[in-house]
Structure formats: structure tokens, C-alpha cells
Protein chains: 2
Amino acid sequence: MKDAISILRQCDIQPTPQRIAVVEYVLKCKTHPSADDVFTHARKNCPTVSRATVYNTLNLLVEKGLLGMQTIREGAVIFDANVEKHHHFIDDDTGDIYDIPWDQLEVKGKGKLKDFEIFEFQVIMHGRRKKK
Amino acid sequence: MKDAISILRQCDIQPTPQRIAVVEYVLKCKTHPSADDVFTHARKNCPTVSRATVYNTLNLLVEKGLLGMQTIREGAVIFDANVEKHHHFIDDDTGDIYDIPWDQLEVKGKGKLKDFEIFEFQVIMHGRRKKK
DNA sequence: CTTTCACCTTGACATTGTCTAAAATACTAA
DNA sequence: TTAGTATTTTAGACAATGTCAAGGTGAAAG
């Protein structure tokens, strides 16, 4: 992955130490962190970063298309470094969220919804991940 | 629709005036109200009902299967008097949420997800409702 | 009448998220 | 370099969502 500074520059965002700390965590995070998760981890590399800056930076990244935002869990929005289209599976036991590749599922019948213009869609599944 | 008192009795919930006010609004509501919406409307019929009682009653109804709960909108959980399986369409302009009948869409490929045991799923769509 | 029990209310509390004012920092131009 | 301007950051206030505990109310049973 490109380094945080190039990524920010490429999107016309000034790379400050605070933003770098946020980007370095959130864009290489394999899980689906909440804003507070990002705040906690960003503090490790940049102990002075404030909550407001974390929120500002996350919103900036989402605006620029570098980060996905999902409202599939109760209580807090979660962020997703994977900005490719994909579906989501939520393990109800652990709360873990898994990305499901876009081409694994096919949704048929959207053409029948004459009253609706669909910009985007996804399948949300709940269940339990099988033990290996 | 059956009256609120019978519905509550049928589920072994004591029908108090507060609970009746909540049930009467939320179970005949065609939209997808938040807990606060329910609170506001229940107050009209029962001006002393408290926020805590509204939350308690809503959680009871969800437990008993009389009410659906969805976490598809930012900021607050929404409730759904329609407890049949269905999909959801969210109008990004207005924030309105529409139920999409279950048999209008078909999701194929779930069998390929060998690592996951799916309890339930739905399609969430975002877009704009076409003007008539 | 008193006890008991379920219920309700109030208010405290934690969490998420936004906003503002002021301080700190970083660019720009002479 | 220095002054001036623009951008960022911070701390704290604030509002909204939701849960919880403590105490109050009221009805039924003995």
C-alpha cells in the first residue's frame, strides 16, 4: 500500500501528523472499526490527536472515496477500507463483520421495482461463522 | 387490526395505559419510526409516559416478535410493524424507508458461502423514489 | 390495614457525533 | 526573515440515543 502521505496528497488533503495517524490505521485495518476504535489506535502514534480531528478526517476520507462508511451495526457507524462493492455478513455471536465479494451473490428482480431508481445496494446477512 | 389490549394479553404483557399508547402507535404506523418518534406520538394519548417506558415497551415487543428492528439508518434504530420478511429501499433525498416485498427479489449464490451459516438476510437499496 | 409485586417515572449516566472559539501550525509574498 | 493569511487542531460545550438504578404509585392478597 502507498504511504499515508502520498495518499493524502493525491486527494488534496494536507498531510498533517494527526491525519497521517488516522489514515495509517484506518486504511490498513482489516476489521471494520468505529470512529472510537480509530481514535484509540490513532492516539498510540499521535497522542495529542483529538476526537474532533479523527471525526473530521474520517469524514474527509469518506468524501474523497478512500473509505467506506456503513450503518449496519447498532450504536455507531463503522468504516471500511475496502471501497470495492461488496456485501456484508455479520456474526451475531461475536459482532464481527465480514466482507463478501461482490460476485459471490447475485440479486435478481431489481428491474421489477418500477417506482425506484437504485443508486446502490448490498446484501446484509446475519448468522454465525462456521468454525474451521 | 386487533386492538392493542388483546395483542398485549396474547403475548403475556400486562396492558397498561402506557404500553397501550405505544402499541397503538407503533403497530399501525406505516412509516419506520425511531424510538423518539414513538415517544412523541405516544405522549399525545398518554401525556405522562416516560422515555424509559417507551424503550422498555419497544424492546419487549421486539422480543415477542411483534415488531421488527432495523439498524439501517444512521443515528437511531428504527422499528417496523411489518414483521414479514422483506427488503428495504432508502430514499437518500427524503430519508424515507420503503418495504420491498420478499418475493420481488431473489438472492442467488448463498450456498457458495461455505464458511457462513446464514440465519437471515435482506437486500438494502439506496436511491430515489420516482415521482409518479 | 399491611405486605407484596409489577409497573412507572425521574434523573443520572455513558456513548456517539457535531460545533465553536481560540490556539497552533503551515503556507505565501515581500 | 518576517509579516500576514489561511488552514488545522484542540478542548469543551452541546444534543441525541439509549440504559440503568432508586424511589414512587397502585392494585391484589392475606
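So you know, we letter chains A, B, ... as the sequences are listed, proteins then strands, and number each from 1. All values derive from a computational prediction rather than experimental measurement.
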Mind jotting down which residue pairs meet the salt bridge (Lys or Arg N to Asp or Glu O under 4.0 Å) criterion with at least one end in residues 84-104 of chain A? Sequence neighbours excluded, please. D93(A)-R128(A)

Residue pairs fulfilling salt bridge (Lys or Arg N to Asp or Glu O under 4.0 Å) with at least one residue in residues 55-69 of chain B, sequence neighbours excluded: none

Using atom names, set out every protein N or O paired with an N or O of nucleotides 25-27 of chain C below 3.5 Å, distance rounded to 0.1 Å.
none

Within residues 30-48 of chain B, residues whose heavy atoms come under 4.0 Å of DNA chain D: A35(B), D36(B)

Please name the pair of heavy atoms, one in [X] and one in [Y], separated by the smallest distance, quoted to 0.1 Å.
X      : Y      : result
C11(A) : L66(A) : SG-CD1, 3.5 Å
G65(B) : V83(B) : O-CG1, 3.7 Å
P33(A) : Y25(A) : CB-CE2, 4.1 Å

Residues that V62(A) engages under side chain to side chain contact (heavy atoms under 4.5 Å, CB included), provided they are two or more places apart: L67(A), M69(A), F79(A)

Report the residues that fulfil side chain to side chain contact (heavy atoms under 4.5 Å, CB included) with E106(B), sequence neighbours left out, ordered by chain and then residue number. K108(A), K108(B)

Keeping R19(B) on the side-chain end and Q14(B) on the backbone end, is there a donor-acceptor pair under 3.5 Å? yes

Anything under 3.5 Å between a donor and an acceptor, one on a side chain of residues 46-53 of chain A, the other on a protein residue two or more places apart or in another chain? List them.
residue : atom : partner : partner atom : Å
S50(A)  : OG   : T53(A)  : N            : 3.3
S50(A)  : OG   : T53(A)  : OG1          : 3.2
R51(A)  : NH1  : D36(A)  : OD1          : 2.7

Got a sec, which residues hit salt bridge (Lys or Arg N to Asp or Glu O under 4.0 Å) with D12(A), two or more places apart in sequence or on another chain? none

Rounded off to whole Å, could you give me the [atom1]-to-[atom2] distance for the [X] and [N] pair?
X      : N       : atom1 : atom2 : answer
D12(B) : dA6(C)  : CG    : P     : 14 Å
I13(B) : dC8(C)  : CD1   : P     : 11 Å
R51(B) : dA16(D) : CZ    : C1'   : 8 Å

Are OP1 or OP2 of dC7(C) and a side-chain N or O of R19(B) less than 4.0 angstrom apart? yes

Strand-adjacent residues in residues 53-79 of chain A, judged by heavy atoms under 4.0 Å from DNA chain C: Y55(A), N59(A), G75(A), A76(A), V77(A)

In short, side chain to side chain donor-acceptor pair (under 3.5 Å) pairs touching residues 65-78 of chain B with sequence neighbours left out are Q70(B)-Q122(B)

Between D37(B) and S34(B), does the side-chain hydrogen bond (donor to acceptor under 3.5 Å, both in side chains) criterion hold? Intermediate values first, please. CA-CA 5 Å; D37(B) 294 331; S34(B) 67; 3.2 Å; yes

Got a sec, which residues hit side chain to side chain donor-acceptor pair (under 3.5 Å) with D80(B), two or more places apart in sequence or on another chain? H32(B), H86(B), H88(B)

Protein proximity profile, nucleotides 25-30 of chain D - base contact B, sugar-phosphate-only contact S, no contact -, cut-off 4.0 Å on heavy atoms: ------

